[in-house]
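In what follows, a structure is listed as structure tokens, so that the remarks can point back to it.
Each ligand, and each atom within it, is numbered from 1 in the order the structure gives. This one's a predicted model, so the numbers in the text were calculated from it and none came from an experiment. Values below: all heavy atoms of this structure, side chains included; hydrogens, waters and symmetry mates excluded.
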Amino acid sequence: MLKEIYQPNPEFSANAAIKNMDEYNALMDKAKEDYEGFWKSFADEKIDWFKPYTKVLDESNAPFVRWFEGGKLNVAYQCVDRHIEKRKNKAAIIFEGDRGDKQVITYLELYYNVNRFANLLKEDFGVKKGDRVVIYMPMIPEAAYAMLACARIGAIHSIVFGGFSAEALRDRIEDAEAKVVITADGAYRKEKPYMLKPVVDEALSHGNSPVQKVLVVERNNEDVEWVAGRDYSYNELIKSKAAKCDPEPMDSEDPLFLLYTSGSTGKPKGVQHNQAGYILWAQMTMEWVFDVKENDTYWCTADIGWITGHTYIVYGPLAMGATTVMFEGVITYPDAGRPWKMVEEYKINQFYTAPTAIRVLHKTGENEPNNYDISSLKVLGTVGEPIDPPAWKWYYEVVGQSKCAIVDTYWQTETGGHIVSPLPGATPIKPACATLPLPGIMAEILDPQTGAKVGAGESGYMCITRPWPSQIRGVWGDPERFKKSYFGDVKKDGVPVYFTGDGANYDENGYITITGRTDDVINVSGHRMGTAEVEAAIKKHPNVAEVAVVGKPHEIKGEGIFAYVVLKSDNSVADEVEEVKAINKVIQKEIGNIAICDDIVFAPGLPKTRSGKIMRRILRAIAKSEAVTQDISTLEDPSVVEKIENMIKCKC
Ligand code: WT7
């Protein structure tokens with residue numbers, strides 16, 4: 001194991017928001033001594049309240065908590081309007097298209113664009129406070145305008161990642177009962193147009209859709225079908241809209257957005273985030289973790305379809321008045337020098353990406369960073385899955401030139417923002433380690449049985465023992481599922497605490513290393529995928545009798561998807577290649593390309609207990625070509641284990 005510790009760069013620390021561990025400890029101590037006072041001081045300093053709140057935290061109905069009750073604010077105002085006075089001509093968004101086209105949007109332009117968009121939604125589409133709006137968009141500035149326009153008028157957006165299929169989009173539209181969808185004709189990928197509008201058409205084609213109107217941003221100008229009375233061109237409608245739309249005063253605890261994510265059942269959960277607490281923590285973590293200064297240029301490579309894109313491309317950077325880069329393309333296209341070329345051109349100071357991207361950039365362009373002047377970089381971030389030490393070392397030494405801080409930010413859709421991460425000017429970092437909880441976040445690794453904090457070198461469950469402002473407020477339409485999913489597994493002193501679903505351990509310094517999910521959720525290229533969701537999709541294939549899906553380590557993706565399929569007919573598949581293709585096609589239709597299996601094996605049966613429970617641990621071991629060490633004598637049919645093992649051996 002790597003034991004190295006790297007001290008923060010002293011030159012950087014001198015100007016950092018949090019300069020050393022004493023400052024970190026002082027903040028943590030303050031939070032421990034006076035939790036509400038800690039949060040109050042930041043809420044008062046950072047948020048432009050329309051009306052002050054009357055109570056910091058209300059836990060009387062825990063785990064349903066309320067922050068900053070009685071306060072009124074508007075998140076679009078917080079992200080845009082309030083910067084006009086000091087920053088009207090500052091770049092808010094720097095956009096680079098897939099084909100290298102560029103656009104700089106100042107705060108004043110952003111203000112006008114968001115106001116017009118808000119007026120369009122209100123006047124032409126009748127969108128009102130509390131209505132749900134689904135956004136199915138490529139990475140173009142209009143996606144950010146759409147989010148902020150919703151926030152401005154109090155509509156609740158639900159962004160669906162553009163890689164999801166029509167079926168997945170339809171499920172999310174219906175669960176949220178959205179009345180409007182905002183999309184684009186399509187966009188560009190590797191210099192070729194791809195389409196989104198036809199996917200929306202298909203999602204809405206089954207009748208009974210709650211969607212009344214579809215707004216289409218014309219980005220690639222490819223031909224699309226228009227349904228009269230339902231579909232409208234943004235480019236046309238926006239022309240006549242007034243550039244002023246008063247921001248709706250929102251209660252601190254009104255919903256801001258929904259974002260669907262996978263859990264351990266087949267149905268994705270609509271994670272709900274509310275106004276004040278979410279935007280407060282988005283802004284605080286931008287300042288603490290990325291240490292963005294007034295003249296900095298910050299780039300996060302995520303997609304707005306994921307929480308990272310919400311908090312750290314749009315809401316966090318704009319709330320603090322920063323310049324955020326938005327990129328439509330693929331970071332390895334036309335070659336693995338693309339991101340470093342952009343860093344050089346825009347003089348990017350903070351760069352935030354996922355381990356899967358770091359691995360692919362390392363593998364396909366190890367020396368590419370040296371071909372560009374990337375000396376502007378100060379902070380490098382990583383998120384989405386545990387990063388492996390070789391990728392970390394390359395990121396640190398080659399991209400960071402051994403002078404940049406690496407912030408391994410651990411968090412999830414439900415936490416709204418970072419929860420465990422180094423502070424770039426203060427925390428000594430250790431390769432592939434998320435280090436310490438951020439000030440104010442009571443993150444602890446607990447023993448799931450006793451609820452006690454585990455000791456150094458021990459593993460346990462990553463929990464958060466106190467409410468925090470940006471925490472998930474509910475699962476849309478399903479309060480019981482909210483309680484069961486997050487507050488059902490671990491109790492501390494008899495009280496249920498928030499459990500992330502991840503395992504973790506402490507080292508001798510109390511540093512936290514996240515080891516991965518403890519449930520049936522796998523992490524493919526930093527995207528959360530429920531095995532039950534993939535299984536439900538595969539079961540839609542008419543010839544599939546049974547299926548079990550597990551994760552298998554994958555060099556680039558972190559984890560790949562491995563499916564064991566039992567067919568209805570018989571187990572001798574006439575044409576395996578065709579059958580695999582057919583199954584992947586079903587997955588593509590039900591979920592999207594991101595869920596396509598890396599391996600599909602046709603098994604004679606699945607290892608089950610006598611009560612019918614599938615023994616996934618055995619299947620995980622076999623997928624990794626590890627020896628099965630569990631006792632299999634109690635299985636319903638122990639011989640299937642050997643049969644499956646032999647089948648896989650034959651293949652390798
Ligand atoms: C899951 C959350 C957070 C935004 C992107 C993914 C894993 C996330 C790290 C990290 C180790 C990490 C966890 C978590 N994860 N960041 N730095 N080190 N694991 O959001 O889809 O909600 O997934 O990603 O397993 O629970 P998400």
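Residue contacts with ligand 1, taken as heavy atom pairs separated by less than 4.0 Å, involve Thr409 solely via the backbone atoms N, CA, C and O. Contacts with ligand 1 closer than 4.0 Å are made by backbone heavy atoms (N, CA, C, O) of Glu385 only, the side chain lying farther away. Under 4.0 Å from ligand 1, not a single heavy atom of His527 appears.
For the pair Glu167 and Arg172, the salt-bridge criterion is not met [side-chain N within less than 4.0 Å of a carboxylate O]. Using a 4.0 Å cut-off between a side-chain N of Lys or Arg and a carboxylate O of Asp or Glu, Lys267 and Asp175 qualify as a salt bridge. Under a 4.0 Å N-O distance rule, the pair Arg528/Glu533 does not qualify as a salt bridge. The pair Asp520-Arg616 counts as a salt bridge, with a side-chain nitrogen and a carboxylate oxygen less than 4.0 angstrom apart.
At least one heavy atom of Trp411 sits under 4.0 Å from some atom of ligand 1.
Looking at atom 11 (C) of ligand 1, its nearest protein heavy atom turns out to be Pro386 N, 3.1 Å. Protein heavy atom nearest atom 2 (C) of ligand 1, with residue, atom name and distance: Gln412 CB, 3.4 Å. Closest protein heavy atom to atom 7 (C) of ligand 1: Gly384 O, 3.2 Å.
Atom numbering of ligand 1 starts at 1 in the shown order; those under 4.0 Å from a heavy atom of Ile307 are 4 (C).
Separation of the His310 and His157 ring centroids falls under the 6.0 Å cut-off.
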